Amino acid sequence: MNIFALVGRAVLIFLGEVGALSRFTMRAVRACFAPPIYLRLIGQQMLRIGYFSLPVVGLTAFFTGGVLALQIYIGGSRFNAEGFVANIVAIGITRELGPVIAGLMVAGRVSAAIAAEIGTMRVTEQIDALVTLSTNPFKYLVAPRIIAAVISMPLLVLIADIIGIFGGFVVGTQSLGFNPMVYIGNTVDFIETSDVTSGLIKSAVFGFIIALMGCYSGYRSMGGAQGVGRATTNAVVASSILILAANYLMTSIFFTS
Amino acid sequence: MAETPKIELRDMHKHFGPKKVLNGINLTVEKGHSMVVIGGSGTGKSVMLKCILGLLHPTSGSVKVDGEEVTQFSEREREQVLKKFGMLFQSAALFDSLKVWENVAFALIQGENMPRAKARDIAIEKLAKVGLSADVGELNPAELSGGMQKRVGLARAIAHDPEIVFFDEPTTGLDPIMADVINQLIVDTVKDMGATALSITHDMASARKIADHMSMIYKGEIIWTGLAEEVDTCGNPYVDQFVHGRAEGPIQMEVLKA
């Protein structure tokens, strides 16, 4: 096999995929702003994407806050900086860990579910049936999921922030011996609105990525049960990587200027 | 002057990469006719239907609906044209996230913005037409048998009183009695509405029952068209072999011989 042919084919497949995703994204975004807007479906999806993710996201945020407090205390004690636990937990959770951990958990939970649902609809001709019933699948299936995810993720992360900081507070006061009032005082004094809002902006972007990649993978799946399985895996892997990459990009834009 | 045909395909090609599925389909369906296209699996029957509906884009050629060229239509124009169509899918393709009556009423609620209560009444009326009671409407599609799903699919396809109804293998996967029930329902509903019907099938019993005109598709081309009664006496060796279901003849199945 000619090595150039191999490389060429890989490049063509990659470019084809980028092109297809860009076109899909454009159609999806356009569908989000053009009537009809299905409020009922958006509500349903917000319930599924946001509300039902609360337990998972809450638990992970709690333990993340806890372990953060523990490590900062251990690491900080080398420089006599163990007093900063509250401050660093607050910043770490609101700026990075809250949005990223919630994003990754929801990516696993929701983008997989979206890909499986839309993928099954694709292979059982339900999407074709939608079209024959004069309904645009982008407006009926894709747009409500994207809108719901973009609205629910910041709400979810706001709660994750609170629970994460609370996790740090529990560990700080129960096992590291901080005074509760001092811990709360340090948190409130140190945290700034921009810490929280930057995290919330990030999470809205993550929500977009999660719903988009779920829909995209599902929409393009073919070949029965195996195809749907592949779509589900692709959705989770792609949305997780894109979340981490987008997070780096946004952090470098928000915090280095 | 003859009336404009409901559907007119001229030299329609569809290729998937190097694979040529349709090689110049020519087919005319007149208003009020029931055309059945017969042909074996893999001859391009489903692709042809999907090209007419715009679910697939033909590589070249012309598709006219009511004399209007639809191949270059924008998404919005296509949505308007699709209001004329109803389709019964091979697997019924019911939306499993919706109840049966919501499935039937889908085109009314989403397409015509009809209030849900009114759409529901029409859905129940259409369900009655295919022999299903109102309480079936409250079930989920997954709770229905294959035959009942097909009937719901039929009710959904005709709910918005389309001018043209497509049937994709309407009897596949059904027992002979249920198949006949579906065939009879198709004949009755189509006649009732005065609609034009285009069906594809490889089930000759079904084809004979539904069709007034027949065509045969082979290797992506229409090789014969005529009245349904003529199918047994047309003298075309391909049609003859298919109709009688013989392994020997001009159509060679691609089966490797040991």
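Every chain is numbered from 1 and lettered A, B, ... according to where its sequence line falls, protein lines coming before strand lines. Because only heavy atoms are used, hydrogens play no part in the values below, and waters and symmetry mates are left out as well, while side chains stay in. In this text the structure is predicted, and so the values were computed from the model without any measurement.
- Centroid-to-centroid, the aromatic rings of A:Phe138 and A:Phe24 come within less than 6.0 Å.
- Only the side chain of B:Glu75 comes within less than 4.5 Å of a heavy atom of chain A; its backbone N, CA, C and O stay farther away.
- Using a 4.5 Å cut-off between heavy atoms, A:Thr124 touches chain B through its backbone atoms (N, CA, C, O) alone.
- Contacts of B:Asp96 with chain A are made by both backbone and side-chain atoms, with heavy-atom separations under 4.5 Å.
- The ring of B:Phe106 has its center closer than 6.0 angstrom to the ring center of A:Tyr140.
- At a 4.5 Å heavy-atom cutoff, the contact between A:Leu130 and chain B is made by backbone and side-chain atoms alike.
- A donor-acceptor pair is defined here as one N or O able to donate and one able to accept, closer than 3.5 Å; no such pair exists between the side chain of A:Gln45 and the backbone of A:Ile42.
- The CE atom of A:Met250 sits 8.5 Å away from atom OG of A:Ser203, with the distance rounded to the nearest 0.5 Å.
- Side-chain atoms of A:Arg145 come within 3.5 Å of backbone N or O of A:Leu141 as a donor-acceptor pair.
- Using a 4.5 Å cut-off between heavy atoms, B:Arg78 does not touch chain A at all.
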